[in-house]
Amino acid sequence: MTQTATGAGAEAGEDRLEAHFDGVIAHDRRIEPRDWMPDAYRRTLVRQIAQHAHSEIIGMQPEGAWITRAPSLRRKAILFAKVQDEAGHGLYLYAAAETLGVDRADLTRRLIEGRQKYSSIFNYPTLSFADVGVIGWLVDGAAICNQVPLCRSSFGPYARAMVRICKEESFHQRQGYELLLTMMRGTEAQRAMVQDAVDRWWWPSLMMFGPPDEASPNSARSMAWKIKRHSNDELRQRFVDMTVPQAERLGVTLPDPELRWNPERGRHDFGTPDWDELKRVISGDGPCNEERIERRRTAHEDGAWVREAAAAHAAKQAAKRERKAS
Amino acid sequence: MREDDHVYLSLAEEQDDARWAFGTGFEDPLHGVDTSVPDGVDPAELAALCLGLGDDALIAAQRLAEWVTRAPELEEEVALANIGLDLLGQARLLLTRAGQVDGTGRSEDDLAYLRESDDFRNVRLVELPNGDFAFSVARLLVFSAHRLAVFERLAAGHADPVLRAVAAKGVKELTYHRQYAAEWVVRLGDGTDESHRRMQEGLDAVAPYIEELYRAADVRDEVGAVLAQVADAATLKLPAAESLEGDGRAGDHTPCLAPLLFEMQEVARALPGGQW
Amino acid sequence: MKDEWPLFEVFVRGKRGLNHVHVGSLHAADERMALTHARDLYTRRNEGVSIWVVRSSDITASTPDEKDPFFQPSGDKVYRHPTFYDIPDDVPHI
């Protein structure tokens, strides 16, 4: 570090830089990796993008378990491709996080040591093949509601990653809904499976938007920085309004007795998710938290010798090239 | 118009189902290819050929799917899934063709989900459990080198236009699979003491199953040359080929196949008449 | 750590007549693996696209928004390293 600047000079410099940063945000332009940014902006982004990346990677598990069991080869191919996309999304997002100067290996360590979180939704078990459809329809649907606004996030690499991801997510949602439509045309047992899956995933899907606005302390700042573009409650409302007609068309009941159209608001009223459950699941006490982290840790540790071998081979090859050159 | 609506619209615009390759859109790579059996081709022989090659691909894809969420690095998740998806695509086309020409009219799903293990015609190499990454890439190298040599011949000269088209598509895919496997065998063979040991053990474990591949299609000169070249670059010893009793193409299998099929067929069989 | 692979930047030319465009980054042990991974991840193995990979550490970057010499130390690397900002809050005017 060049330490020639005096304290006062540095502060004046920082003010100028902060004013420039604020101006970029105010004009809805993008912050890029080498731009000056406030420490808290960088930290907030690293946390949010890493959580998002972890969610994609952990999110492979509940559905991945059904690839080998998919009841038709066409469904097997679709699900295989979908879970592969999630690995890809995780990679795009880790790449975006790395532009902020963190290492993916470090983020992975934080995940498997339980120091960084991922979406609470993936701590619920997948009990039948109908869950694959419902995850596509509701979970990916909620993810799209959350993510489409992030395509305009103020941080350039994050916004660009989200554009790619959102395009693929729309396939995911459609394949899920199409599976459910097909199952609803099938046997009575299949229709019961679909309804059971909807009953189990509806409330956790609503929780994906996070705690209610009044209990979401960091939201306001993230919105001012345009890292986040809409409040949790606003996105949740949007999701409910989008989903109700889809449920009707599908012929399933959403498990909320308070759910009804409110003509005055022009939106649906709906019940309150069990926020205590969300807290428990987030803090590590969901049905599958341990299993998910354990699988990720095992894969990472079992793969260490492979990664080491590839690095050792690359080093030997580089040394060979150098010897030849000299 | 809400400020995000343009993003929703641009998402809706793109109906690019092609990337699901044989997935949601069921885009038929055989579009425009005449599916009647040409004169001079024995339908039973053609069906048996398609069934064997289809089962090989199906079981290999099933094993690759078991790697999902367990790969040694995230980039390898994507790579292994690509290979699994290619093989699954090949399996679907070949099983469909087998059902078309064997006179039973069975669909790809009838063949995949309703047969018992002794009706499967895959070589035993593909049904062995995944083992560690070294075993999996050793198997992939042998399997894809053999399959590529077979597909090149089918693409160039088989009398059935459907099988020719399937093989032509597969050649590109298998070239990549062989390359991927060969690079990993070299990396692991050369990398560290541990990876060298594991890679040698992987090759040793695969070796007894190679002769069965040659019984299915004798392309040993070509495949042997590839394996020798890779082993040499990897500083590994290619074990002498010994032959095992039995033949997967005749329905002989290891005890590993039945549990694999049980898992694969469980949901489909639990809901007879189900729509998927 | 000896099991960590370096970062590569990926540039893809989607079709003839266009420039290569930066699409993101990935980890790989060497250039050859980086190309394979790039093809899998960023092009879904679409043949006919041209891919460049380069080690992130080999890129030299200009610094358009950094006129104050105080902010020079992140130097010419493509990403700033955040350790530069690891200044304890309770140390005024270092």
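Heavy atoms only: backbone and side chains are in, while hydrogens, waters and symmetry mates are out. Letters A, B, ... are given to chains in the order of the sequence lines, protein chains preceding strands, and every chain is numbered from 1.
- Ranking A:G303, A:A299, A:G186, A:A309 against chain B, the residue ahead of the rest is A:A309, based on heavy-atom pairs under 4.5 Å.
- For B:A270, no part sits under 4.5 Å from any heavy atom of chain A, backbone or side chain.
- At a 4.5 Å heavy-atom cutoff, the contact between B:F133 and chain A is made by backbone and side-chain atoms alike.
- Geometric assessment of A:R164 against the ring of A:Y92 yields a positive cation-pi assignment under the 6.0 Å and 45° thresholds.
- Neither the backbone nor the side chain of B:L260 comes within contact range of chain A; no heavy atoms are under 4.5 Å apart.
- Heavy atoms closer than 4.5 Å to chain A are found in both the backbone and the side chain of B:A65.
- Using a 4.5 Å cut-off between heavy atoms, B:R269 makes no contact with chain A at all.
- One finds no salt bridge joining B:D86 and B:R178 here, because no Lys/Arg side-chain nitrogen approaches an Asp/Glu carboxylate oxygen to under 4.0 Å.
- The candidate with the highest count of non-hydrogen atom pairs below 4.5 Å against chain B, out of A:R296, A:K316, A:Q317, is A:K316.
- Within 6.0 Å of CD in B:E266 there are more than 12 heavy atoms belonging to other residues, nucleotides or ligands.
- Between B:D193 and B:R197 there is no salt bridge, since no side-chain N of the basic residue sits under 4.0 Å from a carboxylate O of the acidic one.
- By the 4.5 Å heavy-atom criterion applied to side chains, B:H253 and B:F120 are counted as neighbours.
- A salt bridge links B:E183 to B:R187: one of the charged nitrogens lies within less than 4.0 Å of a carboxylate oxygen.
- Using a 4.5 Å cut-off between heavy atoms, A:R185 touches chain B through its backbone atoms (N, CA, C, O) alone.
- Interface residue B:L85: backbone and side-chain heavy atoms are both found under 4.5 Å from chain A.
- Interface remark: A:V83 contributes side-chain atoms only to the contact with chain B (heavy atom separation under 4.5 Å).
- Using a cut-off of 4.0 Å between Lys/Arg side-chain N and Asp/Glu carboxylate O, B:D55 and B:R121 are scored as not salt-bridged.
- In terms of heavy-atom pairs under 4.5 angstrom with chain A, the leader among B:M264, B:E263, B:E77 is B:E263.
- At a 4.5 Å heavy-atom cutoff, A:M184 makes no contact with chain B through either its backbone or its side chain.
- Of the atoms belonging to A:I58, not a single heavy atom falls under 4.5 Å from chain B.
- Using a 4.5 Å cut-off between heavy atoms, B:A61 touches chain A through its backbone atoms (N, CA, C, O) alone.
- Contact check for B:D232 versus B:Q229: no side-chain heavy atoms found under the 4.5 Å cut-off.
- Most heavy-atom pairs under 4.5 Å with chain A, from the set B:G273, B:A71, B:S195: that is B:S195.
- Using a 3.5 Å distance cut-off with no hydrogens or angles, the side chains of B:Q90 and B:R147 do pair a donor with an acceptor.
- The contact between A:L73 and chain B is made by backbone and side chain atoms together, counting heavy-atom distances below 4.5 Å.
- When only modelled atom types and interatomic distance are considered, B:E76 and B:Y180 share a side-chain donor-acceptor pair under 3.5 Å.
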